[in-house]
Amino acid sequence: MTEAVKRVYRFGKDAQGSNVTEGSAAMKAVLGGKGANLAEMANIGLPVPPGFTITCQTCMEYANAGNVWPEGALDEIASYRADLEQRMGKRIGDADDPLLVSVRSGAPLSMPGMMDTVLNLGLNDRSIQGLIAQTGNPRFAWDSYRRFIQMFSNVVIGLDGDLFENAIIAMKQLRGAASDTDLTAEDLAELVGEFKRIFSENASPERYPALVADGQVTFPQDPELQLRLAVEAVFGSWNNPRATLYRQKNKIADDLGTAVNVQCMVFGNKGNTSATGVAFTRNPADGTKEFYGDYLVNAQGEDVVAGIRNTSPISELKHIEGLQEAGTELEEVFVLLENHFRDMMDIEFTIEQGRLWMLQTRAGKRTAASALKVAIDMQREGLITKEEAVCRVEPDQLDQLLHPQFDRSATYDVIARGLNASPGAAVGKVVFSAADAVAAAERGEKTVLVRWETTPDDLAGMIAAEGILTSHGGKTSHAAVIARGMGAPCVCGAEALKIDAEAKQARIAGTDIVLREGDVISLDGTTGIVVLGAVDLVEPEITGDLDTILEWADEFRTLGVRANADNPEDAELSRSFGAEGIGLDRTEHMFLGERKQIIQSFILNDDPESRQSAVDALYEAQTGDFYGMFKAMDGLPVIVRLLDPPLHEFLESPRALEVDITRREAAGADARSLAADRELLAKIDSFVEANPMLGLRGCRLGIVYPILPVMQVRAIATAAARLRKEGLNPHPEIMIPLVSTVAELEKLRGVAEATIAEVCEAEGVELSIPIGTMIELPRAAVTADQIAAKADFFSFGTNDLTQTTFGFSRDDVEGEFIPQYLAEKLLPYNPFATIDPGVAKLVRMGVELGREGNPDLVVGVCGEHGGDPDSIRTFHGIGLDYVSCSPYRVPVARLAAAQAALREPRA
Ligand code: PEP
Ligand code: MG
């Protein structure tokens, strides 16, 4: 017989005040982050309202069985519910002294605001009387009941929240009340009746047969039914569209599930000695060591996060009449939590009639700047080690610091100011809805999403926009938290902005400025300012905390980091970011602009003389290119790849030419010029590849047109010789692309070696230029031992290797069916962004066979995966010598490589 699985864990104290918690912070996979940390806080003696947690595994079992409860689970929940009632000496739904609970989601990895919560559960027509009797506050009790019906109807049953909001508005109009707080207990009692009627009219009897009594749907009065339906709704919210999108974007596995925390309610809305708030133990925007956050007096928790009322800074709390004691205790708790968790923590708390309760803690989400400062400060404070500090910063997050900023010398007029909620600068066209931001992004337009305040439904628009601007909400509002998590610039709470989203315009109070959809604005999330028009942006530099963490990272990493660059400016930039060489110089990028004419003349002229003169011109130009590159990277390796793309990429579009000929013909153009163009069209057509990625490209070009590699190698060697004579130390290497057989490499290696020898002779210098190959075809990977015998180095071109392993065309696949594959989970992620295990297996085979064939072989990777932290971890595990990535990814790769080494030290 298998042992019964434990599905429920309790936390908090028993009736005698002893801690009876069953879980701990180590159990996040089972209890979710919230549940595990509630247990941990209870274990270290902090005031946690008692409750129990239903495990994440139960959620997955329930979902996988088609929303059917695993056997015994409901009984186990019932017994923990009874245990909680016994611990509290109160019963849920009791007519005299009812216990009310909250039902909250909590996944193993934080997904803020993505899943559901129900508060005040346990209220019904009987227990409301008990709540009135116990609190002596009928207004509070009726307000709690109406909030519960509203939340339950919306979250659990899926009814439109506006149905209830409209009823509140109607009631306020009827009573001439300016705000919700002006409604009396009687008004609220009447609203409760109205809400129940709305519920009965709108809830579906087919979907919720358990709610049907006497042939009519009624708001559930049975607390057990309320609880079951609420837990089922939280389980269901694991798979709601916004949670699914969030997981996809943050690479969180779909099979983790969410736990459900059922916890005794405490109330921050019981008058002026009650309050609720969210806070961080340090500043999550810039890392300053200070208590940071917001609170509201006489409010429920959701009010703070929703940004509905403007909050006050947490530093003021301990000075507020009636809240001094709890405010002081809270600051002690901050210190205790930081020392215990050894991290910057994010906290939710409630003060009920002067008494402090901790509702949640977790490692606080922070900007890159804050992550760096907190990690360095904590290492210096002796709280964490250097290794831990390096692992505390998300490599992908560094991207935020590598974003452009406002040019300091730019002049501009600030039209509005708000809170500097998430750093970085953005320039874009104003849009007033998430849907418009998404549509604009699809058209390739940059936008700034302007909202009164964002809600979880805005997530897709927030991802699509360059920056986010809100007129309301504090630094812990939805917009601020999500923007920081995404690394998107955000200014929030810019109150001068009077937004009319329906009319798609915003007035700036105190001015005659009106922003309309499509107007360009700039915002700086580092300082919190909004500017009309486009401000010039400047590139970032590696200084201060970023430099410190990267230096520490360099102490631990074993993978080298090089850059993909093809001009001296990018080479210098990558060097300033810490690149240890150029891993890929794509020489075709040097054939753009006016050079295009020259290569076109080479391709389109068959007579040897014209070809030779085109090649001579290219040689001159390329020698200058390489001279600049090698000089910028003096002393460091520069891998120059010989020409790779199919030649038609350098030619005009044949279809455009064809249209032009037809038009001119119709207009009676001269026959001779038409004939010449037709000949040109035929020639261009002869170069068009039906599938360009599988055609005459890579090393095949050099074999068919040997004059090209000879020209390029001559230019490389000549540039190196010149620099050498100038006393510099160039290190060129030559890379042959798209090799599939050793014979191809052998042939081109021969051509290159002979050319280098000629240049050495002519220039009177000794040059030792390593010659290697890209491994980007499966055949090359599986015959890597043979190929390595003729190669000094390998560089895995994982873009082409992914394309040829899957048979996906890298140019069209991402717009075509990959999104559907991801949505249907036929692929866990885009294999062109993060290395696929199948492709990684070919890389591993290539490395192992390659080192067998040539023990001195140097191996790297230069596909886009070289800058992706997850892929870098895989490459570290395979034992590559280096990764090469775009200049802006170099710092990311340095940090990711260090974390890979610290997490999986090489043998
Ligand atoms: C590759 O294929 O991974 C590569 C780096 O080459 P390119 O992207 O230029 O084809
Ligand atoms: Mg390639």
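Read the numbers this way: they start at 1 and go in the same order the structure lists the ligands and their atoms. Residue indices begin at 1 and follow the sequence shown. Please read all numbers here as calculations on a predicted model, not as lab measurements.
Given atom 6 (O) of ligand 1, the protein heavy atom at minimum distance is R641 NH1, 2.9 Å.
Ring geometry, F832 versus F808: the interplanar angle falls from 30° to 60°, so the pair is classed tilted. In this pair, Y705 and F602 present their aromatic rings perpendicular. The plane angle is above 60°, beyond the 30 to 60° band.
Among heteroatoms of the N, O or S kind in E776, OE1 lies nearest the Mg ion (ligand 2). The Mg ion (ligand 2) sits nearest to atom OD2 when only the N, O or S atoms of D800 are considered.
Of the N or O atoms in E588, none lie within a sub-3.5 Å distance of an N or O in ligand 1.
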Practice problem: Mind running salt bridge (charged side-chain N to carboxylate O under 4.0 Å, His left out) on D616 and R611 for me, showing each step along the way? | Solution: CA-CA 9 Å; D616 288 346; R611 280 217 157 142; over 6 Å; no
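Looking at K251 and T834, their side chains do bring a donor and an acceptor atom within 3.5 Å of each other.
Within the 4.5 Å cutoff, no side-chain heavy atoms of T718 are placed close to those of Y627. Contact check for D585 versus F626: side-chain heavy atoms found under the 4.5 Å cut-off. Here the side chains of I707 and Q612 are in contact, with some heavy-atom distance below 4.5 Å. Between C862 and M774 the shortest side-chain heavy-atom distance falls below 4.5 Å.
D644 lies apart from the Mg ion (ligand 2) in this respect, since none of its N, O or S atoms is found at a distance under 2.8 Å.
Of the options G797, S795, G698, the smallest heavy-atom separation from atom 1 (C) of ligand 1 is shown by G797.
The residue N564 has no part lying near ligand 1, judged by heavy-atom distances below 4.0 Å. Residue N799 touches ligand 1 through backbone and side chain together, judged by heavy-atom distances below 4.0 Å.
Residue contact check for ligand 1: H865 places no non-hydrogen atom closer than 4.0 Å to it. At least one heavy atom of M774 sits less than 4.0 Å from an atom of ligand 1.
Near C862, meaning under 4.0 Å from one of its heavy atoms, ligand 1 places the atoms 5 (C). Each of the following atoms of ligand 1 lies closer than 4.0 Å to a heavy atom of L584: 5 (C). The ligand atoms of ligand 1 that sit less than 4.0 angstrom from a heavy atom of R586 are 4 (C), 5 (C), 6 (O), 7 (P), 8 (O), 9 (O). Of all atoms in ligand 1, listed by their number and element, those nearer than 4.0 Å to a heavy atom of D644 are 10 (O).
Among all heavy-atom pairs drawn from L573 and P887, the shortest one is CD2-CB, 4.1 Å.
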